[in-house]
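Report on one structure; see the data block that follows.
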Number of protein chains: 2
Amino acid sequence: MEQNLPKFESVFSIDCVIFGFENGELKILLIERNEEPFKDWKALPGYIVKQDESLDDAAERILYELTGLRGLHMEQFHTFGDVDRHPQGRVITVAYYALLRLNGQKELKPLSAIAKTAFWHPVNELPKLGFDHSEIFKTGFNKIRRRLGYQPIAFELLPEKFTLTQLQSLYEAILNKKLDKRNFRKKMLSYGFLKELDEKQKGVSYRAAKLYKFDRRKYSKIFQNELNLDS
Amino acid sequence: MEQNLPKFESVFSIDCVIFGFENGELKILLIERNEEPFKDWKALPGYIVKQDESLDDAAERILYELTGLRGLHMEQFHTFGDVDRHPQGRVITVAYYALLRLNGQKELKPLSAIAKTAFWHPVNELPKLGFDHSEIFKTGFNKIRRRLGYQPIAFELLPEKFTLTQLQSLYEAILNKKLDKRNFRKKMLSYGFLKELDEKQKGVSYRAAKLYKFDRRKYSKIFQNELNLDS
DNA sequence: ATAATATAGTGTAGTTTCTACACACTATAT
DNA sequence: ATATAGTGTGTAGAAACTACACTATATTAT
């Protein structure tokens, strides 16, 4: 730090709100803390940014160290900076979210001693979280809901090939309300960015559903005008 | 700062993107800097957060010190934290925006020596700004456009009593496109949160238009369900 | 083979919202 | 009285949204 800037004793952290979807249930990634403050509490994966890394890089690194997950596309959604939000001093935190396909394969394994464990927890009936993490989660969840209306985020939560029923139940989980099956399908298909595959669901004990794929290229073609708000 | 937290040499700042509307033109508040770096450049009003103030408080104070404006309702919209965004060290900045009625009355007068002057500038043909402020502005402008669709932000930019034509030209300035007069009026009035007054525009050399008022109470009644995403 | 079960997949009619579009009205200035 | 400049209004066609119920098909059990 050079001369001109005043000293400011502060810490910068990142907290991550990571959503996953499995068995028709929306889940969030939590850790159990192994360090004071809030030792043994449940909390969002989060830690301190290093001097020479960008926020986005820090988010990726921290998530990896605390949960073993990496390569997610994370986006910041809010910065929390109340003076007393951290019991040990001034800590300003930038909250990020990401969405992740859960296929039971991905192992959660904290590399750092800060987290005892990392685990998925249904977004309903969340336990009390350390710090102001309950509020951070709530803010993040609301952002996601909003974004669901104008960005193709649902597909990040589903496997590459999915059925329309799975897609619908994801929407229902995020929006927390029932949708009409026929209208939902009609609308989704009318957008034109879902590609019907020649394949069907396997391993179910009833009529197998057709599988679909999200066609990102078609999506961007269709919505390039809408998103292109830069004048 | 207590013992447990690692030292992090950093500075926290706030930058403000303040929109105003006057004579059918959308403007933004800039300062001319009187300090290195970027001395004599134009920039967004922004400065460093103090140790013991919250982000929201800092935003309000900094705007006041650099421009003489206060009491605005400001909201953060993004945090910029690239390692090299500031030439003198690690400075992470939280960007805020606000909207303001311009009636020519409000005087701009920097109290701090950091700003030589503060002035309004049309959002079109913006000059080059110091730091990454051009990017910050662009991000903020896009947020505003989005928000215009689902939040009653336009009314913060208009005088308390306004005509439908003024309202429309504000929408056109923000969205940067022409709207159909009849459809615009039909839609706005159909929401039911505009209160028609028994008063008309004065001082124009043509048929005077009816004045309207935004009825915030009606608005919140109508939209309480929509906004109430908290489950 | 047959039946039971569990989910997939499909269409329509009524309603609401969106879009495109043109002219008469009124206050002021000359 | 007339020119000017912006106000204020309606409608028809298209598109999107809503509510709603039954048949089709794969699997499993008998």
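Naming: A, B, ... by sequence-line order, numbering from 1 per chain. Here the structure is a predicted model, which means the values were calculated and not measured.
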Nearest-Å distance for atom pair CZ/C1', residues B/Phe184 and C/dC21: 18 Å
Quick one: on DNA chain C, does A/Ala208 or A/Asp180 contact a more 5' nucleotide (nearest heavy atom)? A/Ala208
Have a look at A/Thr165 and say if it touches a base, only the backbone sugar-phosphate, or nothing, with a 4.0 Å heavy-atom cut-off. sugar-phosphate
Can you tell me if A/Arg185 touches the phosphate of C/dG9, counting only side-chain N or O atoms and a distance under 4.0 Å to OP1 or OP2? yes
By nearest atom, which of the nucleotides C/dA27, D/dT7, D/dA21 is closest to the B/Lys200 side chain? C/dA27
Rounded interatomic separation in angstrom, taking CD from A/Gln201 and C1' from D/dT27: 12 Å
So for B/Arg207 and C/dT26, does any side-chain atom that can act as donor or acceptor lie under 3.5 Å from a complementary atom in the base? no
Applying a 4.0 Å non-hydrogen cut-off, can you work out what B/Thr163 is touching in the nucleic acid: base, sugar-phosphate, or nothing? nothing
Does B/Lys186 make a side-chain donor-acceptor contact with the base of C/dT19, cut-off 3.5 Å? yes
Considering every strand shown, what is the Watson-Crick or G-U wobble mate of C/dT30 when both distances are under 3.5 Å? D/dA1
5' priority, DNA chain C, between A/Tyr206 and B/Arg182 [closest heavy atom]: A/Tyr206
Between P of C/dA24 and NZ of B/Lys181, the distance in whole Å: 15 Å
Any chance NZ of A/Lys116 has more than 12 other-residue heavy atoms, nucleotides or ligands included, within less than 6.0 Å? yes
Measuring centre to centre across the rings, with the benzene-like ring taken for any Trp, is B/Phe162 within less than 6.0 Å of B/Phe155? yes
Closest heavy-atom contact between A/Gly24 and A/Ser169? CA-OG, 4.2 Å
Distance below 4.0 Å between A/Ser205 side-chain N/O and D/dT28 OP1 or OP2: no
Would you classify A/Lys210 as touching base, sugar-phosphate or nothing, given that sugar-phosphate means primed atoms plus P, OP1 and OP2, and contacts are heavy atoms under 4.0 Å? sugar-phosphate
List the atom of B/Trp120, the atom of B/Gly20, and the distance in Å for their closest heavy-atom pair. CZ3-N, 3.7 Å
When you check the gap from the basic side-chain N to the acidic O, do A/Arg147 and A/Glu75 get nearer than 4.0 Å? yes
